[in-house]
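Whatever order the structure lists them in is the order used to number ligands and atoms, beginning at 1. Everything quoted here is computed from the prediction, not taken from an experiment.
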Amino acid sequence: MQDVEFKHFKLEVEDGIAIFTICREDKLNALNPDAWDDIDRFSDYIEKNDGIKAAIITGSGDKAFIAGADIGGVASMDTLAAIHRTSSDTQVVLTKLENNRKPIVAAINGYCLGGGFELAMACDIRIVSENALLGLPETNLGILPGAGGTQRLARIAGIGVAKQMILMGIQYTGQEAVARNLAAMCVPQDQLMATAKKMVVRMTRKGPLGLEFAKKAINMSLDTDEKTGMYIERLSFALLLGTEDKKEGTNAFLEKRHAVFKGR
Ligand code: COA
């Protein structure tokens with residue numbers, strides 16, 4: 001099934017779940033341009049591969065999920081055109097990931113800073129370990145979070161939290177992140193992957209088309225007025241009513257058995 005190569009990420013597939021791990025431990029998994037390309041390829045891979053039902057993104061080692069974009073690369077960017085290009089490229093990569101058909105969980109195992117936190121915010125659900133530290137320290141470097149961070153953070157946790165994290169550089173531990181709606185759950189580090197897998201398995205038991213359309217409708221709710229959003233929801237509902245999955249789901253309930261969805 002694995003027909004794609006990655007420079008800095010390792011891909012494992014277990015029971016239809018793709019586990020994507022960044023492996024730059026010596027640099028606390030900082031994202032260089034090749035790693036951003038890997039993320040984009042991974043996005044395409046899970047989008048197009050019918051055997052993949054959901055994905056987990058994590059970092060290797062027990063110290064960092066991702067400690068941000070690679071600062072060496074940022075330091076060498078000195079023209080406005082280069083900076084603008086990079087920001088727009090990383091925004092495109094993460095927006096594509098955010099709108100992937102499949103659900104994606106970020107399993108955050110330590111430092112989750114800058115571009116790492118921006119990547120985690122483009123995932124559907126975030127689970128953090130107790131030693132996690134979430135932050136957007138770009139203003140320390142004289143820049144700002146340029147991969148969608150200003151927009152996603154304000155939408156996920158509100159403008160107040162966004163301003164505290166970006167303007168004041170406040171960083172939150174795992175427990176604090178849950179309290180501020182930045183993550184769904186905080187667990188001891190040795191339980192992180194098992195918890196992430198359990199969450200993903202729970203989603204993979206649902207009808208995949210229902211998940212896909214629900215995810216799109218929820219994501220679009222942030223960009224549309226309520227009336228338009230309701231219309232998108234109604235149209236999605238009408239489409240799903242005609243699917244084999246809907247027949248299987250309702251029949252399975254009435255026949256008191258587990259549904260076997262085929263995504264059709
Ligand atoms: N880009 C490039 N390299 C990074 C990096 C980043 N974002 N974050 C960490 N590294 C590298 C360090 O340079 C160091 O490399 P070296 O051993 O070759 O010198 C290695 O990873 C280990 O990091 P170190 O700083 O020694 O670990 P620490 O435990 O003392 O500190 C952090 C951890 C996360 C607090 C610190 O590394 C840090 O502040 N990183 C930058 C975070 C950031 O600003 N991210 C946003 C970037 S836009």
Using atom types as modelled and distance alone, determine if a side-chain donor or acceptor of [X] lies under 3.5 Å from a backbone N or O of [Y].
{"X": "Glu248", "Y": "Val260", "value": "yes"}
{"X": "Ser129", "Y": "Ile108", "value": "yes"}
{"X": "Asn181", "Y": "Ala157", "value": "no"}

Would a 4.0 Å cut-off, counted as strictly less than, catch a protein heavy atom around [atom]?
{"atom": "atom 13 (O) of ligand 1", "result": "no"}
{"atom": "atom 25 (O) of ligand 1", "result": "no"}
{"atom": "atom 2 (C) of ligand 1", "result": "yes"}
{"atom": "atom 19 (O) of ligand 1", "result": "no"}
{"atom": "atom 39 (O) of ligand 1", "result": "no"}
{"atom": "atom 28 (P) of ligand 1", "result": "yes"}

Of the side chain and backbone of [X], name the one, both, or neither that has a heavy atom under 4.0 Å from an atom of ligand 1.
{"X": "Leu113", "answer": "side chain"}
{"X": "Pro137", "answer": "side chain"}
{"X": "Asn140", "answer": "neither"}

I want to confirm something. Looking only at heavy atoms, which of [options] is nearest to [atom]?
{"atom": "atom 45 (N) of ligand 1", "options": "Gly114, Ala67, Gly146", "answer": "Ala67"}
{"atom": "atom 47 (C) of ligand 1", "options": "Gly110, Ala69, Ala64", "answer": "Ala69"}
{"atom": "atom 22 (C) of ligand 1", "options": "Leu31, Leu28, Asn32", "answer": "Leu28"}

With a 4.0 Å cut-off, would you call [X] and [Y] a salt bridge?
{"X": "Lys53", "Y": "Asp15", "value": "no"}
{"X": "Asp124", "Y": "Lys102", "value": "no"}
{"X": "Asp38", "Y": "Arg41", "value": "yes"}
{"X": "Lys262", "Y": "Asp245", "value": "no"}

- Contact check, Leu136 vs ligand 1, heavy-atom distance below 4.0 Å: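 Heavy atoms of Leu136 never come under 4.0 Å of ligand 1.
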- Query: In ligand 1, which numbered atoms sit nearer than 4.0 Å to a non-hydrogen atom of Lys63?
  - Reply: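 Every atom of ligand 1 under 4.0 Å from some heavy atom of Lys63: 27 (O), 28 (P), 29 (O).
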- Just which atoms of ligand 1 are under 4.0 Å from any heavy atom in Leu141?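 Near Leu141, the atoms of ligand 1 are 47 (C), 48 (S).
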For [atom], what is the closest protein heavy atom, and at what distance to 0.1 Å?
{"atom": "atom 31 (O) of ligand 1", "value": "Tyr111 OH, 4.3 Å"}
{"atom": "atom 17 (O) of ligand 1", "value": "Asp26 O, 4.4 Å"}
{"atom": "atom 41 (C) of ligand 1", "value": "Ile71 CD1, 3.7 Å"}
{"atom": "atom 15 (O) of ligand 1", "value": "Lys27 NZ, 3.4 Å"}

- Stepwise, does the side-chain hydrogen bond (donor to acceptor under 3.5 Å, both in side chains) test hold for Thr95 with Arg152? CA-CA 10 Å; Thr95 299; Arg152 288 199 179 89; 3.1 Å; yes
Just checking, any donor-acceptor pair under 3.5 angstrom between side chains of [X] and [Y]?
{"X": "Thr173", "Y": "Glu176", "answer": "yes"}
{"X": "Gln164", "Y": "Tyr172", "answer": "yes"}
{"X": "Ser43", "Y": "Asp40", "answer": "no"}

- Message: Taking the six-membered ring for Trp, are Phe237 and Phe213 closer than 6.0 Å centroid to centroid?
- Response: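 Ring centres of Phe213 and Phe237 not closer than 6.0 Å.
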- Message: Out of the candidates Phe42, Phe20, Tyr45, only one should pair with Phe9 under the ring pair (Phe, Tyr, Trp, His ring centres under 6.0 Å) rule; please name it.
- Response: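 Testing each of Phe42, Phe20, Tyr45 against Phe9, the sole residue satisfying ring pair (Phe, Tyr, Trp, His ring centres under 6.0 Å) is Phe20.
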- Quick one: does Gly72 get an N or O within less than 3.5 Å of an N or O on ligand 1?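 No, there is no polar N/O contact under 3.5 Å.
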- Would you say Glu138 has any N or O atom under 3.5 Å from an N or O of ligand 1, going by distance alone?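 No; every N/O pair is 3.5 Å or more apart.
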